[in-house]
Each structure stands twice: as structure tokens, then as C-alpha cells.
Amino acid sequence: MPRTRHRFPVEGPLDLSLTFTCGQAFRWRLEEGAWSGVVGGALWRASTDARGLVVDVDGADPGAEVVHRYFRLDQPPERFLAQAEELRALPGFAALLGLRLLRQEPWETLASFLCSAASNVRKISGGVEGMAAAWGDPVRGTDRRAFPSPSALAGAEERDLRALGIGFRAPYVLGAARRVAARDWSWEALRRAPIEEARTTLRTLPGVGPKIADCVLLFGLDRLDTYPVDRWIRRATMELTASTRARDEDLERWSLRLGPGRGYLQQILFHLRRTGGPLPALAAARPVGRERRRRSA
DNA sequence: CCACGGCCTGATTC
DNA sequence: AGAATCAGGCCGT
């Protein structure tokens, strides 16, 4: 079986464990000391050594450039911190800079996050892996399968999807697969569209609201100028700004100050809040949204 | 515009 | 133990 080894020097910290388990991707697992995951039609095995990142590919090799881009090695973390001096100083923040935002395939990202509503990483992974097992093409030389195409999934029966444990999300995945498989759907157009237009288009898909639309843009369409507001980010941002009555929309507007790389910061804040508990208010904190006016004396 | 309950299901909590 | 309760939302009312 074909196997290709790619090596890359890495600028800045890289923490594969954090990167694969932080909840942006769902098909990576630790096996025999290396992280292995299916990307496209091949099995990748990733590890680090003193010289940087090592990726062994089983199956059709996509080429070094594709692997390099997948790991976003062209954009080291430092690049995203220019407008986030205050966040850098948060306890525990610096240790998370090894988290890298992957560039994933948009359809797989969409299907995965459709399964994320009121769920958790473990359960989402089960659903995603189950879809691959049932409708994906085998990866030669391995026991795993590629994530199925929209048209492959569009032909599935809802009960078979439900059998994977994704529950009420099954019709969303099916409906979205059918729409995306249609001729008039274009991921490339979405990549180039103004951000609001892209969000609006994504939200026409069943099961896609503001949060999932932003996740697809952030993780699947290389749009780091998004700030998906979920439960955890809501809490984190409210605490950072000392707010009590902010709407998601207000929190998102606040995030604009974090700059065009705010999506990366969002993922770090997500992990920080989820694993570390409440965050301290920033020095310059000012409540956002519909706070009651302080009565003047 | 806002608030609320329902939705599958499995893990955690009481 | 067996019954609530809760999860990285969305949708309809």
C-alpha cells in the first residue's frame, strides 16, 4: 500500500492533542502514539518531533502543500494576536496557543456541526464516524472510510441516520445533503461572498442557524472573521465584558475589536472557558448590549 | 422582537 | 437504583 511521509518545520507552538480534541474536528483519534484521522480519501497519521510536524499518509497522497494548508502552517498563532493584548494576559491563555485552527472540508464540517446541537464531542464523533462507516468509500489499506459525499448521504433513509444516535438532527443532515448535492449549490461562491451574505445563504439550510453557519464558515470555509456564539462563548464573553443582559448579536459585535482573526481567538476562549471555569473581566471591560442605564444622581 | 418548549439520546446527577 | 437533568442549537408558536 502507498505511504508517503511529509515533514514540516513549525513556527510557534503546536499541540496536536489540543488541536484535535478541542471540538473543531471529529475524526482524529490517538492510535499507537500518533494521531490518525481520515482527511479526504486518505488516512493521515500525525505526530511531532524536535524538527516539527510529521504526517504519514496512507492512500492517495494529496501532496505536501495540501497537508501544509490543512494544518494552517502558513499562519502561525502569533499572527492572530495583534488586536488581542488583553486576552493574551488571561490566566491559561498562553498555554493554548498550540491549538491550531484546521482548514477542513466544508461539507464534512457542515454535516458534523449539524450534529452538534445540544450534544457533545464524543457523541458528535460517533455520528460522524457512523456516517462514514455506512456511506463512505473505504480508504485502501485501512479499516476506515472517507466522509460520504452529499449525494451519497442524500440517498440515505432517515431511520438509518437515526440509528447512528444523532436523533432529531437526522432530518437536518438529510435535508442539507439534498440541498448541497443540488447543482446550484456552490461552496466556492460562499468562500468569496461577503460574510453576511454567506451566513444568510448557509442559514437557508435546514438545521442551520447563526451558530452553525459561523462554525461552517470558520472551520470549513477559511473565514476567520467569524465569532460563533455558543453557550460557552456566550458565558466567556459576558464575563470578559462584565455584561449581564447582552444578546448574542451584541457579543458578536463586541468581538469585532479582536480583529480579522477573531475566529481563532474564539476557539481558544471556547476551550479556556469550557475547561477552566469563569473568566475574569478585562481591565477595560464595559457591559455590552441592553444593560440598564445607571441612574444619574 | 422576545420567550419558551420540544426535539433524540446518552452521560451525569440526585 | 431509577428518575430527573443537561448537553457546543434550531424551529415553531
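Sequence lines set the chain letters: A, B, ... in the order given, protein chains first and strands last, and positions in each chain run from 1. Keep in mind that the numbers below use all heavy atoms, side chains included, and drop hydrogens, waters and symmetry copies.
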Ring centres of A:F113 and A:F26 under 6.0 Å apart?
yes
Applying side-chain hydrogen bond (donor to acceptor under 3.5 Å, both in side chains) as the test, list every pair that has at least one member in residues 46-56 of chain A; sequence neighbours left out.
A:R5-A:D56, A:R7-A:D49
Atom pairs and distances, donor-acceptor, side-chain atoms in residues 279-289 of chain A, under 3.5 Å, two or more places apart:
none

Heavy-atom distance under 4.5 Å between the side chains of A:C215 and A:T109, does that happen here?
no
Separation of the P atoms in C:dC6 and B:dC4, to the nearest angstrom
15 Å
When the distance from CD1 of A:I124 to C1' of B:dC8 is rounded to whole Å, what number comes out?
14 Å
Should the pair A:E252-A:K211 be classified as a salt bridge under the 4.0 Å nitrogen-to-oxygen rule?
no
Would you classify A:C22 as touching base, sugar-phosphate or nothing, given that sugar-phosphate means primed atoms plus P, OP1 and OP2, and contacts are heavy atoms under 4.0 Å?
base
Between the protein and nucleotides 9-14 of chain B, list every N/O to N/O distance that falls short of 3.5 Å.
residue : atom : partner : partner atom : Å
B:dT9   : O2   : A:K123  : NZ           : 2.3

Counting side-chain heavy atoms from CB outward, which of B:dC2, C:dA7, C:dG8 is closest to A:R235?
C:dA7
Give every pair of a protein N or O atom and an N or O atom of nucleotides 3-6 of chain B that lie under 3.5 Å apart, one pair per line with the distance.
none

By a strict heavy-atom criterion of less than 4.0 Å, which residues belonging to residues 208-223 of chain A are in contact with DNA chain C?
A:V208, A:G209, A:P210, A:K211, A:I212
Partner set under salt bridge (charged side-chain N to carboxylate O under 4.0 Å, His left out) for A:E158, not counting sequence neighbours:
A:R162
Got a sec, which hydrophobics cluster with A:V38, joining ILVMFWY side chains under 4.5 Å apart, including via others?
A:L43, A:V139
Mind calculating the distance between CG (A:L114) and C1' (B:dC8) to the nearest angstrom?
15 Å
Nucleotide pairing, DNA chain B (Watson-Crick or G-U, distances under 3.5 Å), in dot-bracket with [ ] and |:
..|||||.||||||
Residue pairs meeting salt bridge (Lys or Arg N to Asp or Glu O under 4.0 Å), one or both in residues 265-283 of chain A, sequence neighbours left out, come to A:E239-A:R273
A:D230 meets the side-chain hydrogen bond (donor to acceptor under 3.5 Å, both in side chains) criterion, sequence neighbours left out, with none
Could A:R144 and A:E31 be called an ion pair, given the rule that one side-chain N must be under 4.0 Å from one carboxylate O?
no
So side-chain hydrogen bond (donor to acceptor under 3.5 Å, both in side chains) across residues 10-26 of chain A, not counting sequence neighbours, yields none
Euclidean distance for P, C:dC10 against B:dG10 (whole angstrom):
22 Å
With a 4.5 Å cut-off on side-chain heavy-atom distances among I, L, V, M, F, W and Y, is there a chain of contacts connecting A:F20 to A:V128?
no
Which is more 5' along DNA chain C, the nucleotide nearest A:G207 or the one nearest A:Q266? Just name the residue.
A:Q266
Apply ring-ring contact (aromatic ring centres under 6.0 Å, His included) to A:W135 and list each qualifying residue two or more places apart in sequence or on a separate chain.
none
Within this structure, what is the CG-to-C1' distance between A:L110 and C:dG9, rounded to whole angstrom?
14 Å
Expressed in angstrom and rounded to an integer, what is the separation of A:Y227 atom OH from C:dG8 atom P?
17 Å
From CD1 of A:I233 across to C1' of C:dG9 the rounded distance in Å is 15 Å
Starting at CG of A:D230 and ending at P of C:dC6, how long is that distance when rounded to a whole Å?
18 Å
Atom pair distance, as rounded to whole Å: CZ in A:F113 and C1' in C:dA7:
15 Å
Under 3.5 Å, is there a donor-acceptor pair between the side chain of A:Q267 and the main chain of A:L99?
no
Would you mind reading off the distance between A:F168 atom CZ and C:dG12 atom C1', rounded to a whole angstrom?
14 Å
In whole Å, what separates the P atom of B:dC2 from that of C:dG8?
25 Å
